[in-house]
Amino acid sequence: MNYTEEQLDQLRSEVEKRETPARFRHTLGVEREAAALGELLEPDSVSELRAAAILHDLTKSFTDAEQIKLMRAMGLPHMKAEEEAPQILHGHTAAALIPREFPAFATPRIIHAVQVHTTGSENMSIFDKIIFLADYIEIGRHYPDCRAMREAFWNVPQDILCSSEHLDGVVRRVLENTIRFLKERQLPIDEETVRAYRDICRKSGIYPTETTP
Ligand code: GDP
Ligand code: FE
Ligand code: FE
């Protein structure tokens with residue numbers, strides 16, 4: 001699917017109404033990063049990637065109770081980490097709202113990428129990986145881990161930048177960072193995060209160094 005600049009601009013103003021100014025700045029940062037990654041890795045899908053990025057944190061401002069209520073109302077499957085870590089639900093609730101509220105943007109690729117943007121998933125497509133990575137390395141993120149992954153992705157020769165192996169390597173390291181971060185804080189690690197990590201290690205022929213339960 002291709003979107004015009006006018007359609008994207010309309011989407012940005014709708015989403016801006018629902019996000020805090022700081023969150024919206026992050027959203028635009030993810031859009032820019034996703035477009036840059038898309039130019040390299042999925043050039044025919046840049047406008048669709050932009051739309052997914054604009055929509056990815058649509059329900060981020062909902063409270064934990066609202067996230068859980070919306071999950072139930074939509075009949076979305078109960079997740080184990082749900083009660084302990086409702087912040088991981090916002091991708092699922094955002095994905096569920098897209099067909100209702102933004103039907104023109106309800107493509108399978110946008111919905112799936114938004115749904116898995118926090119945890120990753122098994123069998124991520126390049127489209128999914130671009131949104132997942134863009135969310136972590138967008139220019140507004142200043143944490144040392146995020147800066148390091150931004151460098152790790154961009155600071156390589158041009159021919160390597162376009163390779164899906166390079167993308168996989170950085171996505172794997174982002175998942176590793178997330179698992180380590182959660183373990184250090186003794187926070188529950190979602191099953192989907194573990195599955196995403198194991199899957200990408202297996203496909204890259206790399207032994208998973210972050211041990212997971
Ligand atoms: P944001 O919405 O742009 O702030 O970013 P994300 O959607 O990627 O992540 C939201 C939060 O969820 C981050 O603080 C992550 O560390 C956290 N997170 C990611 N995976 C997991 C998980 O498996 N379990 C828990 N508890 N938190 C996670
Ligand atoms: Fe998010
Ligand atoms: Fe985000």
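Atoms within each ligand, like the ligands themselves, are counted from 1 in listed order.
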Would [X] count as a polar contact of ligand 1, with the cut-off being nitrogen or oxygen pairs under 3.5 Å?
X      : answer
Thr178 : no
Ile189 : no
His26  : yes

Return yes if a side-chain donor-acceptor contact under 3.5 Å exists between Ser45 and Arg109, otherwise no.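 Per modelled atom types, Ser45 and Arg109 side chains form a pair under 3.5 Å.
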Whether [X] lies under 4.0 Å from ligand 1, heavy atom:
X      : answer
Arg141 : yes
Glu192 : no
Arg23  : yes

Closest to atom 22 (C) of ligand 1 by heavy-atom distance, out of Thr27, Ile179, Leu182, is Leu182
Do the non-hydrogen side-chain atoms of His26 and His56 ever get within less than 4.5 Å of each other?
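His26 vs His56: side chains touch.
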For the Fe ion (ligand 3), protein N, O or S atoms at a distance below 2.8 Å amount to 4
Ring pair (Phe, Tyr, Trp, His ring centres under 6.0 Å) pairs touching residues 129-162, sequence neighbours excluded, are Phe153-His166
- ring pair (Phe, Tyr, Trp, His ring centres under 6.0 Å) against His90, all qualifying residues, sequence neighbours excluded: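 Scan of His90 (ring pair (Phe, Tyr, Trp, His ring centres under 6.0 Å), adjacent residues dropped) gives His117.
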Name all residues meeting the side-chain hydrogen bond (donor to acceptor under 3.5 Å, both in side chains) criterion together with Glu176; count only those two or more places apart in sequence or in a different chain, and write none if there are none.
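side-chain hydrogen bond (donor to acceptor under 3.5 Å, both in side chains) check on Glu176 returns Tyr197, Thr209.
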